[in-house]
Amino acid sequence: MARVNYFLTEEQEMIVDLARRIATEKIIPVRAALDETGDFPWVIMKELAQSDLFGVFIPEEYGGIGGGCFETCLAVENLAYGCVGVTTTFAASALGGYPILLFGTDEQKACYLPDIASGRRLAAFGLTESSAGSDAAGIQTTAVEDGDSWVLNGTKQWITSGGEADIYTIIAMTDRHKGPRGATAFIVEKGDPGFSFGKKENKMGIRASSTRELVFQDCRISKNRMLGKRGGGFILAMRTLDLARPGIGAIGVGLAQAALDEAVRYAKERVQFGQPIISFQAVQHMLADMATEIEAARALVYAVARTIDSGARDFSKLSAMAKLFPTDMAMKVTTDSVQILGGYGYMKDYPVEKMMRDAKILQIYEGTNQIQRNVIGQALNKEYSVN
Amino acid sequence: MRIIVCVKQVPDAKTVRFDREKGTIIRDGMDAVINPFDLHAIEAALQLREKAGGTVTVISMGPPQADSALREAIAMGADAGVLLSDRAFAGADTLATTYTLWKAIEKLGGCDVVFCGKQAVDGDTAQVGPGLAVRLGIPSITCVNAIELAEGPRFRVTRMCDEGREVVEVETPVLFTVLTTLNTPRLPSLKGKMRAKKTHIPVWGAGDIAADPGRVGFAGSPTKVVSTHVPTFNARREILTGTPDEQVNALIVHLKEAGILS
Ligand SMILES: Cc1cc2nc3c(=O)[nH]c(=O)nc-3n(C[C@H](O)[C@H](O)[C@H](O)COP(=O)(O)OP(=O)(O)OC[C@H]3O[C@@H](n4cnc5c(N)ncnc54)[C@H](O)[C@@H]3O)c2cc1C
């Protein structure tokens, strides 16, 4: 049967094949155990490092593959087919790496990007604090200039791969009186004096991903660790998230596809009232909606990612759409998948209850879906005011 | 270190179907893969190269399509591949195969270590590795389960035999045939796949390796397959249910009925 032709290049097909193969052969066999124990998936991270996938968005001169947002989406979509927890760990390294790629000096790029590309070191992105989530401008962590160094104080909360990653992009206030223009980004490394890790969270889903506090107590780093311009911290964070959000949408697509595959397979086998439940129109219609919405979400993600890679500017609205629709879709599709499996779907013997728990985070992190709607709405307001 | 891996492309056991009348494999719709044992041979070669340096060259005798098996090996990290493909090679038994592989290795200028899978899952002879070692005039260590590299270079190798384990030490040049328990084959990498796509894989025929036409393929094969048949399974199948105790009791009744227990 025909499949939608997204006209992938040979290299893009290779990314799809390889990521799907890693998902099938390396991730799926261990995902239930990782979900149970919450152990950090180092073995799979090594596998991913060996596969060159960590370098998918990094230029060749820094040891990467030289792909863009679209190639990254293809990679995470197909990894997420296996496990969103593992994929979140993978994607977090890109989220920590993007600011260096976008705003780093030549020295900073040469110092960090090759290690991120090869997977030798994981990266992370630290913006959120206990009293600053959606309202990122409320962050309290400070960075103060002292001679040749910056001194950081404060606590970041819920940082993906905290404690496991080696390279952290941190947003801190340098000039509070300047408001949102008073934040600056820094690169902090595991092992820097005064940098430690706090509580590790016990989560509903994506349990293979580690979410932890970062604690800065007179953490002293050298001047050359400032990333981008002084006062450019929030712009850096927003540009980073704009680039990363279609990837979260892509994770939703991969997850939903896995949930659909489970649901259809089950519906063909499960017999009630003397017939496979797929013969009931009510079940068929649910499956039909799931399949249709997945394809629509995939098409949206791919189109936006390609638009970004073509050099578009000012694409916050598009990237918010590419996160919003696919992740709401993934929540619905995984919930319906559990419904189609009935009581079996609710049991941990089947993978769909984990998929439903994992789906929820996609509507929350990298900006809640309410915030995505705000971004889209504000953009519309602006767009329609220009005559 | 010059390392050579011999690989064979075989039907994928997952997709293979049989023609019961003719007693042959239906090639239509069948996928071809690298012989599973050979994946472990490739992995062993790559690990050895990581420790000792050198090059890994993969060779395969087979039809033109076997090119894809060599590209897969290169995607995993092998440096080069050579395809031995010639109508004259068709119908080779293990004697003719080892002759052909030997001539190819001679043309490559010899080697320090050869890795083969213990056996190919289609032919199941386990003869090609040892046979090739005889032709090369080097020792063969079969059924390898662990390899340690020491100075020399010497290898400390564990073999799995029917009676137990055997640990042997050997120097290069040497040929190993490996078990699937030796290691976990790596997946290809993206850069490997890209390189594999671009790499030129030479195709050598009988003339290129200066082979005696009477010793290759069907002409050089004393083994003649007289007939093949597909076994049929007509075993009855019954799933016992109930508590473990009930299942055990039911099983004992069945075994007594079948005269296996008295
Ligand atoms: C597992 C996990 C991993 C994470 N990883 C990272 C990471 O690596 N790095 C990082 O910096 N952060 C990370 N975060 C933080 C994440 O980005 C925030 O949780 C998210 O931005 C929302 O902030 P909040 O949880 O404080 O919710 P709040 O901002 O308190 O929001 C609560 C509710 O109010 C709604 N709301 C808030 N403001 C508005 C508004 N203006 N209009 C409409 N509705 C609104 C929200 O949509 C939400 O429904 C992670 C979070 C989790 C749970």
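Numbered from 1 within each chain, the chains take letters A, B, ... in sequence-line order.
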Among Glu71(A), Glu11(A), Met14(A), exactly one meets side chain to side chain contact (heavy atoms under 4.5 Å, CB included) together with Leu190(B). Which residue is that? Met14(A)
As an exercise, state the distance from NZ of Lys26(A) to OG1 of Thr184(B), rounded to the nearest 0.5 Å. 6.5 Å
Within 6.0 Å of OH in Tyr344(A), more than 12 heavy atoms from elsewhere: no
Scored by heavy-atom pairs under 4.5 Å with chain B, the best of Glu25(A), Glu10(A), Glu47(A) is Glu10(A)
Got a second to check how far Met194(B)'s CE is from Asp52(A)'s CG, nearest 0.5 Å? 8.0 Å
Would you check if Lys193(B) and Asp17(A) make a side-chain contact, meaning some heavy-atom pair closer than 4.5 Å? yes
Can you tell me how far the CZ atom of Arg186(B) sits from the NZ atom of Lys46(A), to the nearest 0.5 Å? 12.0 Å
Arg154(B) CZ: over 12 foreign heavy atoms closer than 6.0 Å: yes
Begin with the C-alpha distance, continue with both residues' side-chain angles, and end with the deciding distance and a verdict on salt bridge (Lys or Arg N to Asp or Glu O under 4.0 Å) for Lys197(B) and Glu13(A). CA-CA 13 Å; Lys197(B) 201 187 84 179; Glu13(A) 294 277 10; over 6 Å; no
Looking at every non-hydrogen atom in both residues, tell me the closest pair between Gly64(A) and Lys191(B) and how far apart they are. O-CE, 4.0 Å
